[in-house]
Amino acid sequence: MTAIMLTAFGLLVALLASGVWVGLGLAGVGILSLESFRGFMPVEKLLAQTVWNSTTSAELVALPLFILMGELLFRSRLTQLLFDGLAPWVDRIPGRLLHTNILGCTLFAAISGSSAATTATVGRITSSELMARGYDARIAAGSLAGAGTLGFLIPPSTIMIIYGVLAQVSILKMFIAGIVPGLLLALAFMVYLGLYALSRPGELPPRQRGLKAADYLRALVQLGPVAVLIAFVIGSMLTGMATPTEAGAVGVLGALIVCLLQRCLSWKSLWSALMGAAQITSMIGLIIVGAMFLSVAMGFLNVPRTIADTIGALGLSPLALVAMLLVFYVVLGMLLEGMSIIVMTLPITLPLITQAGFDPIWFGVFLVLVVEMAQITPPVGFNLFVINGITGMKIGRIARAVAPFFLIMVAFTLLLAVFPQIVTWLPDLVEARG
C-alpha cells in the first residue's frame with residue numbers, strides 16, 4: 001500500500017510539474033496507478049463511466065449560470081457604483097476607505113461565485129481609488145487579497161456547488177450555511193483594519209469633509225443595483241421561491257438588465273462573457289472529471305480506507321483531527337489549486353470528519369475556508385497573482401501584506417470547530433420553518 005501511495009504521489013508531482021493541465025494530470029495518475037497495480041481493471045470503461053456520472057448531475061447546471069453572471073458583471077460599471085456608494089458610509093469608521101475592500105468584496109461575493117473574479121472586479125476600482133487618495137499600498141493590497149476570498153464563502157459559490165455534488169449534500173443548505181460565517185469573517189477583517197488604523201493614526205489620509213445628507217442618499221441609490229441583485233439571487237433561495245439552478249438563471253437575467261441599464265453591453269462584450277463562462281466551466285469540468293477518476297482509482301486500490309484506518313488508529317480527539325486536517329490542507333494549498341484539493345481528498349477526509357461527529361455541511365464550510373487560504377498562500381495563491389496584475393506589486397510583498405488576514409482565517413476556522421453551530425444554525429432554522 002505504501003508503494004501505491006508513493007507511486008501515485010510521485011506521478012502526480014511529475015505530471016503537474018511538467019505543465020500538464022490539472023484535470024488531465026489527475027486522470028493520468030489514476031490510469032497509470034490502475035494499470036500498474038491492477039492491470040486486469042477495465043480502465044477505459046471505468047473512465048467513461050466516471051466521466052458520465054460526474055458531468056451529468058442536474059445540480060451542476062447552476063455552475064455555468066453563476067459563472068456567466070460573474071462574467072457579465074465584470075464587464076459592467078457595478079464596482080464603481082459599489083465604491084461610490086460605500087465611501088460616504090465608511091468615512092467615519094477607523095480605517096475609513098480601506099473598508100470598501102471588505103464591504104465591496106462581501107457584496108460582490110453575493111452576486112458572484114468566484115474568489116478570483118471578486119478580487120479582480122473589486123480590485124480594479126478600489127486599488128486605484130485608494131492609491132490616489134494616499135492610502136498605504138501594502139495594507140490596501142493585503143485587505144483586498146483577504147477579502148477577495150469571500151467570493152467562495154458567501155453564496156452563490158462555485159466551490160460549494162462542487163462540494164454539494166461530490167458529497168451528496170443539499171447545495172441550498174451549503175449556500176445558507178455560508179452566509180453567517182461569511183459575514184462574521186468580513187466583520188473580523190474590518191475589526192482588524194480598525195485596530196490597524198487606531199494603532200497608526202498618522203498613516204491614513206484625512207477623512208472627507210463636507211458630506212451632506214444628499215451625499216448619503218445618493219450613495220444609497222448607487223448601491224441599489226447590487227441590493228436588488230442580491231435580493232433576487234439570495235432572497236429567492238432563502239424564501240424557497242427558487243432552487244440554486246433557478247436562482248442562477250435569475251442572476252444571469254439580472255446581470256443582463258444591469259448591463260443594459262448601464263449601456264455597457266454590446267454584442268462583442270456579450271460574446272466575450274459567454275466565451276469566458278464557457279472556458280471557465282470547461283476548465284472546472286475537466287478538473288472534476290480528472291479528480292473524480294483519481295478518487296475512483298484510489299478507491300479500487302483501497303488507498304482511502306488504508307489512510308482512514310491509519311488516522312483512526314491514532315485516537316485523535318475531534319478538535320485534534322480538525323487541527324491536523326487544517327495543517328494538511330494549508331500545506332496542500334501551497335502546492336495545488338483549491339478545487340483540485342477538494343475533489344482529490346474528499347473521499348478520504350469526509351468519512352473521517354463524519355465519524356468524528358461533525359456535520360457534512362459544516363465540513364463543506366471548513367473546506368471552503370481552507371481553499372480560501374490556498375488562494376492567498378504562495379507560491380500558487382491565485383489571488384496574489386490577480387493583485388500583482390492589478391497593482392504591479394511583487395508577489396512576495398503581497399504575501400507579507402496578506403499574512404494577518406491569513407492568520408485571522410486560521411483562527412476563525414478553529415473557532416468554527418469549537419462552535420460548529422455557527423455554521424449549522426441558519427440552515428437548521430430555515431429547514432425547520434420550511
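These numbers come from the heavy atoms of this one structure, side chains and all, not from hydrogens, waters or symmetry mates.
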Could you check Ile361 against Ile176 for side-chain contact (heavy atoms from CB on, under 4.5 Å), going step by step and ending with a plain yes or no? CA-CA 10 Å; Ile361 297 292; Ile176 297 172; over 6 Å; no

From CZ (Phe419) to OG1 (Thr424), nearest 0.5 Å: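 Phe419 atom CZ to Thr424 atom OG1 measures 12.5 Å (nearest 0.5 Å).
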
Can you tell me how far the CE atom of Met174 sits from the CD1 atom of Ile159, to the nearest 0.5 Å?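 CD1 of Ile159 is found 10.5 Å from CE of Met174.
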
Can you tell me which residue among [options] is in a side chain to side chain contact (heavy atoms under 4.5 Å, CB included) with [X]?
X	options	answer
Ile139	Asn101, Leu98, Leu130	Leu98
Ile398	Ile376, Val386, Asn383, Leu384	Leu384
Phe363	Val322, Leu346, Leu352	Leu346

Within the structure provided, determine whether Pro420 and Asp359 are in side-chain contact (heavy-atom separation under 4.5 Å).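 Answer no - side chains too far apart.
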
Can you find a pair of side-chain heavy atoms, one from Leu270 and one from Leu274, that are under 4.5 Å apart?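 A side-chain contact under 4.5 Å exists here.
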
Please say whether more than 12 non-hydrogen atoms of neighbouring residues, nucleotides or ligands are located less than 6.0 Å from CD in Gln421.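 Yes - once you tally the heavy atoms of other residues, nucleotides and ligands closer than 6.0 Å, there are more than 12.
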
Is it the case that the side chain of Tyr135 and the backbone of Leu97 share a donor-acceptor pair, with hydrogens and angles ignored and the cut-off at 3.5 Å?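 Yes, the answer is positive, given that a donor and an acceptor are paired below the 3.5 Å cut-off.
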
Side chain to side chain contact (heavy atoms under 4.5 Å, CB included) partners of Thr354, counting only residues at least two apart: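 Thr354: side chain to side chain contact (heavy atoms under 4.5 Å, CB included) contacts with Leu350, Pro360.
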
Please step through side-chain contact (heavy atoms from CB on, under 4.5 Å) for the pair Leu144 and Cys105, ending with a clear verdict. CA-CA 8 Å; Leu144 175 61; Cys105 288; 4.0 Å; yes

Got a salt bridge between Lys212 and Asp215, using NZ or NE/NH1/NH2 to carboxylate O under 4.0 Å?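 Looking at Lys212 and Asp215, the cut-off is not met.
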
Parallel under 30°, tilted from 30 to 60°, perpendicular over 60°: which one fits the rings of Trp362 and Phe366?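 It falls in the parallel class, under 30°.
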
